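A short worksheet on the structure shown next.
Computed over heavy atoms, backbone and side chain alike; hydrogens, waters and symmetry mates excluded. These numbers were taken from a predicted model, which means no experiment stands behind them.
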Amino acid sequence: MEDGGGNAVQEPLLVFDRALRLVAWNTAAQAFPALAGALAEGVALATLDERLAGVPVRDARLADGGLVRTLGAAPGLSADRGSRLFAAASHDLRQPLAALSLLVGALDGRVAEPAARDVLRSMSAAVQSMKTMVDGHFDLVRLQAGLLEPEVGRHAVNGMLTRLALDFAPRFEARRLRFSVLPCSAMVETDATLLERILHALLANALRHTERGRVLLGCRRRGGELRIEVWDSGRGVPADQLALLRAELARPPGDEQSGSVLGLGLTLAGGLAQRLGHRIEIDSVPGRCSRFSVIVRLVPDQEEEPAAPPLPDSGAEADVSRARVLVIEDDRLVLEALGVLLGQWGCAVIGAESFDAAMEVLGPDPQAPDLIIADLRLKGAANGIVAIRQIAKALDTAVPGLVLTGDTDPKRLREARLSGYPLLHKPVAPLALRTALANLLGRERLRP
């Protein structure tokens, strides 16, 4: 594995379960002199501590009570390098999930038998659940290790709401739940990437605990603050458990007892909110509904921004056939899966692994594609944003672009959001991808 700068990661890592028994380690730990011959599943942390006397260590608690120990990292592991380490690991794990999600979407258009379609929906829900768990675990470890540094600025709430609507609409539809997102013109003082992760965790919690009815994401202004609220028609929370949940949210992220009641998603949301100086409040009526609110500082004296245009009701019905799509993706499995899915929708797909390969496959007298989809990380010097811009410049025409990424590095995500191109996170739900394509292409471009 490599870090975000292309350098080999050499920190020895040990992973322990909640009983502090060894469950995994990397090759660097295997080669660590003090641990020669001592690594085996089930070995107690206390036993290894005897061998590691005098060795600098850095520990990070996991949400389930386990522990990740980095050896020899205290003097030399900077916050920036450590953050890149976790981002690289998350990116690598999400690539096969991205391919699996796209292939499930391709099968969805070919399977008509009701029982088989139910199996596909369950597979898709499992993929999304795995994505949430991967993101949550890595984010929580980075938070507890002090590797998340917020960059607070002024941000429009609508952009976050739109991305969350695209991400979650397919999941709620698969569960036959109504999902509503109300537009909001407010500007707030926050780190947009981290606030979006908080709201993602709250929506995932609502999806998990709502069996029927609806979930609503909306905002209310209260003085100099904005309440971003997630309402659900789930089972609600009994009064005694509600008090316990509120107490858990108030615990510092590194507290030994933190997460014992909340679970991974809410533990992460509470920790990020504290890091940003925001508040999370919970209200519930047992048997009827729950409301989770994030209270954020409003930007004063702002001009009202127009509400974001409403999303199509069903991306599954959007016609993207006859579109000529250039896909630039350096992971062969994801590239092939995108080709299969887009071909299923009637698109003509041109695939390449880098900017240079894309220019080569387009040829000396190229016809401009209708759309470019590019991974954020690519082989070669150009990333996906640069690749889209340079291809449009070479073709001397405006070409819509869409950026896909499995990256969780906040700096890379900010760069992607500031690019002006829509951003979708891997593994992307096929419905979200189809909706984004339809919005970018427009119907006029695709008329024969």
E281 with R227: basic N within carboxylate O range, under 4.0 Å
yes

What closest approach, in Å, do I350 and V361 show between heavy atoms, and which atom pair accounts for it?
CG2-CG1, 3.6 Å

Between L376 and N383, what is the shortest heavy-atom contact and its length?
O-CB, 3.1 Å

With a 4.5 Å heavy-atom cut-off, do P369 and L395 have their side chains touching?
yes

Can you list the residues that meet the salt bridge (Lys or Arg N to Asp or Glu O under 4.0 Å) rule with R178, with sequence neighbours excluded?
none

Decide yes or no on side chain to side chain donor-acceptor pair (under 3.5 Å) for R214 and S180, but give the supporting numbers first.
CA-CA 8 Å; R214 68 179 299 190; S180 303; 2.8 Å; yes

Check whether any side-chain N or O of D232 sits under 3.5 Å from a backbone N or O of A206 as a donor-acceptor pair, and report yes or no.
no

side-chain contact (heavy atoms from CB on, under 4.5 Å) against R389, all qualifying residues, sequence neighbours excluded
I385, S419, Y421

With R175 as the cation and F172 as the aromatic partner, state whether NZ or CZ is under 6.0 Å from the six-membered ring centre and within 45° of the axis.
no

Heavy-atom check, side chain of L45 versus side chain of L22, under 4.5 Å
no

Do L404 and L338 have side chains that approach each other closer than 4.5 Å (heavy atoms only, starting at C-beta)?
yes

Within the 4.5 Å heavy-atom criterion, are F292 and L266 side-chain neighbours or not?
yes

Within the structure provided, determine whether I295 and I228 are in side-chain contact (heavy-atom separation under 4.5 Å).
no

Walk me through it: do D370 and R322 pass the test salt bridge (Lys or Arg N to Asp or Glu O under 4.0 Å)?
CA-CA 9 Å; D370 294 306; R322 301 189 302 278; over 6 Å; no

Flag the pair V325 / I372 as yes when at least one side-chain heavy-atom distance between them is below 4.5 Å, and no otherwise.
no

Just so I know, are the side chains of L177 and L207 near enough to count as touching, which here means a heavy-atom distance under 4.5 Å?
yes

Which is it for H425 and T405 under the side chain to side chain donor-acceptor pair (under 3.5 Å) test, yes or no, and what are the steps along the way?
CA-CA 5 Å; H425 294 273; T405 184; 5.8 Å; no

May I ask you to check whether over 12 heavy atoms, not counting those of E225, lie within 6.0 Å of atom CD?
yes

In Å and rounded to the nearest 0.5 Å, what is the OG1 to CE distance from T193 to M160?
8.5 Å

Value rounded to 0.5 Å, distance of CD1 in I198 from CZ in R275
12.0 Å

Might you point out which heavy atoms bring V349 and G343 nearest each other, and give the distance in Å?
CG2-N, 4.2 Å

Those residues that, when tested against E151, pass salt bridge (Lys or Arg N to Asp or Glu O under 4.0 Å) (two or more places apart)
R414

Taking C-beta and beyond as the side chain, do R220 and E229 meet within less than 4.5 Å on heavy atoms?
yes

Over all atoms of both residues, closest heavy-atom pair of A358 and I328
CB-CD1, 4.0 Å

Nearest heavy-atom approach of A368 to T397 is CB-CG2, 3.8 Å

Check the pair E329, K379 against salt bridge (Lys or Arg N to Asp or Glu O under 4.0 Å), reporting the backbone distance first and the verdict last.
CA-CA 9 Å; E329 167 62 67; K379 294 179 179 178; over 6 Å; no

